[in-house]
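Take a look at the structure set out below.
Since this is a predicted model, take the numbers as computed values, not measurements.
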Amino acid sequence: MSGLAPGRWAAYATLLAGAVIVLVPFYVMLRAAFAPPHEVQGLGLGFTPTLENFRVAWSGADWPRYYLNSVLVTGLILLLQVATALPAGYALARLRLRGGGAVRALVLCCLVVPGQITAIPVYVGLSRAGLGDTLVGLVIPFGASAFGVYLFRQFILSIPQNVFDAARMDGVGPVGMVWRVVLPNVRPAILAFGVFSVTHHWNDLFWPSVILRTDVYATVPFGVARFAANESGAEYGPQMAAAAMAVTPLMIVFLCCQRRFLRGLALTTSLD
């Protein structure tokens, strides 16, 4: 370690600082979740761990239904996004389209438009179509992803052109090119995109709180929000326990898929 260059030391120090910034909120969450009610506000290590906050959090919300709704919503959104973004990414990467440059610029512009800007017109349209407070209303607005289109386009550019030429010589058409040639070669990108998509929509409280009027299709964030405020004030212990219960499935999935996820990101970001 003593022979490391100053630049390497600076890199390690930056990574360590970043790790501390990222991990401290998790520590605060877990400490509050396991601490007794009278010790929730503290930050020290000296406390008596208890599962009481988890018991209160579990009994205070319908978690099995919240988990099921979140799995359905995030899964359907991911399937629709892949089904729409993959052909679009292939078209922008390998087909000679008139106005293709303008389409790519439009896709990039869509990346910087917050969903809150379009929430009101989308809500009005879905309500008039009778899709308010429905599973379809939760899924349809996110069935297409500009980020997915751009990510898949960049990844498809890494596939050698002779692969597509050989497929055309074998009589593969445009639709078969997407599902028989592109799809098997972009699995790392799909996995990387899936982590971003599932994480975003699993944690999303804004759109479900806009479109839902009842608790039938409520998702996991509603379980956390139940303890945010009530007549007696916020219940920090159960709220942090609910937050830990909400994030645990995502952590498990990420830890199981982290190598492929990082490989997909590395291959994508290394392209021009």
Side-chain angles (χ1 to χ4, degrees), residues 22 26 63 66-94 104 107-108 110-115 118 122 135-159 163 175 177-208 211 217-224 243-271:
V22 171
F26 282 95
W63 286 97
Y66 290 166
Y67 280 129
L68 177 60
N69 289 339
S70 290
V71 170
L72 287 175
V73 170
T74 55
L76 290 173
I77 288 176
L78 179 59
L79 288 176
L80 284 176
Q81 288 179 338
V82 172
T84 55
L86 194 59
Y90 166 71
L92 291 177
R94 294 300 180 183
R104 288 194 294 272
V107 170
L108 292 176
C110 291
L111 291 175
V112 299
V113 177
T118 59
V122 171
L135 185 63
V136 176
L138 284 173
V139 173
I140 287 297
F142 308 99
S145 170
F147 173 69
V149 173
Y150 180 76
L151 182 71
F152 292 146
R153 174 189 176 271
Q154 293 299 102
F155 201 94
I156 292 169
L157 288 174
S158 68
I159 303 175
V163 173
V175 176
M177 194 74 71
V178 173
W179 304 115
R180 293 170 56 186
V181 178
V182 174
L183 180 60
N185 287 281
V186 299
R187 289 176 182 173
I190 292 176
L191 183 58
F193 173 71
V195 171
F196 283 112
S197 176
V198 170
T199 301
H200 173 74
H201 296 291
W202 183 278
N203 294 322
D204 184 24
L205 179 62
F206 172 75
W207 179 247
I211 197 68
Y217 296 106
T219 53
V220 164
F222 282 88
V224 182
M245 291 162 56
V247 76
T248 297
L250 296 179
M251 296 297 295
I252 294 174
V253 172
F254 176 77
L255 291 175
C256 293
C257 304
Q258 60 175 328
R259 289 187 178 180
R260 293 185 179 181
F261 169 69
L262 295 175
R263 177 173 176 266
L265 284 183
L267 289 173
T268 304
T269 55
S270 65
L271 301 174

Just how far is it from atom CZ of Phe152 to atom CD1 of Ile190, taken to the nearest 0.5 Å?
-> 5.0 Å
Are there more than 12 heavy atoms of other residues, nucleotides or ligands under 6.0 Å from atom CZ of Phe26?
-> no
Heavy-atom closest pair, residues Pro208 and Leu138 = CA-CD2, 3.7 Å
Does the Arg94 side chain pair with the main chain of Leu157, one donor and one acceptor, at a distance under 3.5 Å?
-> yes
Within a strict 4.5 Å, meaning less than it, do heavy atoms of the Asn203 and Leu250 side chains meet?
-> yes
Interatomic distance, CZ@Arg187 vs CG@Asn185, rounded to 0.5 Å, equals 8.5 Å
Would you indicate whether the side-chain heavy atoms of Val181 and Ile159 approach each other to under 4.5 Å?
-> no
Distance col, row Ser145:OG vs His201:NE2, nearest 0.5 angstrom, shows 7.0 Å
For side chain to side chain contact (heavy atoms under 4.5 Å, CB included), just list the numbers for Val139 and Leu80, CA-CA rounded to whole Å, side-chain angles, deciding distance to a tenth of an Å, and then say yes or no.
-> CA-CA 9 Å; Val139 173; Leu80 284 176; 3.6 Å; yes
Side chain to side chain contact (heavy atoms under 4.5 Å, CB included) with Val149: of Val107, Leu86, Thr84, only one passes, and it is Val107
Expected output: side-chain Trp202 to main-chain Val247 donor-acceptor under 3.5 Å | no
Fit a plane to each ring of Trp63 and Tyr66, take the angle between them on a 0 to 90° scale, and name the class: parallel (under 30°), tilted (30 to 60°) or perpendicular (over 60°).
-> perpendicular
Rounded to the nearest 0.5 Å, the CG atom of Leu79 sits from the OG1 atom of Thr74 at a distance of 9.5 Å
Search all heavy atoms of Ala218 against all heavy atoms of Asn69 and return the closest pair with its distance.
-> O-ND2, 2.8 Å
Step-by-step side chain to side chain contact (heavy atoms under 4.5 Å, CB included) determination, Leu76 to Leu135 | CA-CA 10 Å; Leu76 290 173; Leu135 185 63; 4.1 Å; yes
To the nearest 0.5 Å, what is the distance between CG (Leu72) and OH (Tyr217)?
-> 9.5 Å
Can you measure from CG (Leu191) to CZ (Phe196) and round to the nearest 0.5 angstrom?
-> 11.0 Å
Give the minimum heavy-atom separation between Ala246 and Val224, together with the two atoms involved.
-> CB-CG2, 4.0 Å
Taking all non-hydrogen atoms of both residues, which atom of Ala244 and which atom of Thr248 are closest, and how far apart?
-> O-OG1, 2.6 Å
Less than 4.5 Å apart, any side-chain heavy atom of Pro188 and any of Phe155?
-> yes
Might you point out which heavy atoms bring Ala146 and Cys110 nearest each other, and give the distance in Å?
-> CB-CB, 3.7 Å
Would you please test Phe193 and Leu78 for side chain to side chain contact (heavy atoms under 4.5 Å, CB included) and show each step?
-> CA-CA 9 Å; Phe193 173 71; Leu78 179 59; 4.0 Å; yes
Mind running side chain to side chain contact (heavy atoms under 4.5 Å, CB included) on Trp207 and Val122 for me, showing each step along the way?
-> CA-CA 10 Å; Trp207 179 247; Val122 171; 3.6 Å; yes
Do you know which two heavy atoms are closest between Tyr67 and Met245, and how far apart they sit?
-> OH-O, 2.7 Å
Look at the side chain of Ser70 and the backbone N and O of Val220, then say whether any donor-acceptor pair between them is shorter than 3.5 Å.
-> yes
Non-hydrogen side-chain atoms of Asp204 and Pro221 separated by less than 4.5 Å | no
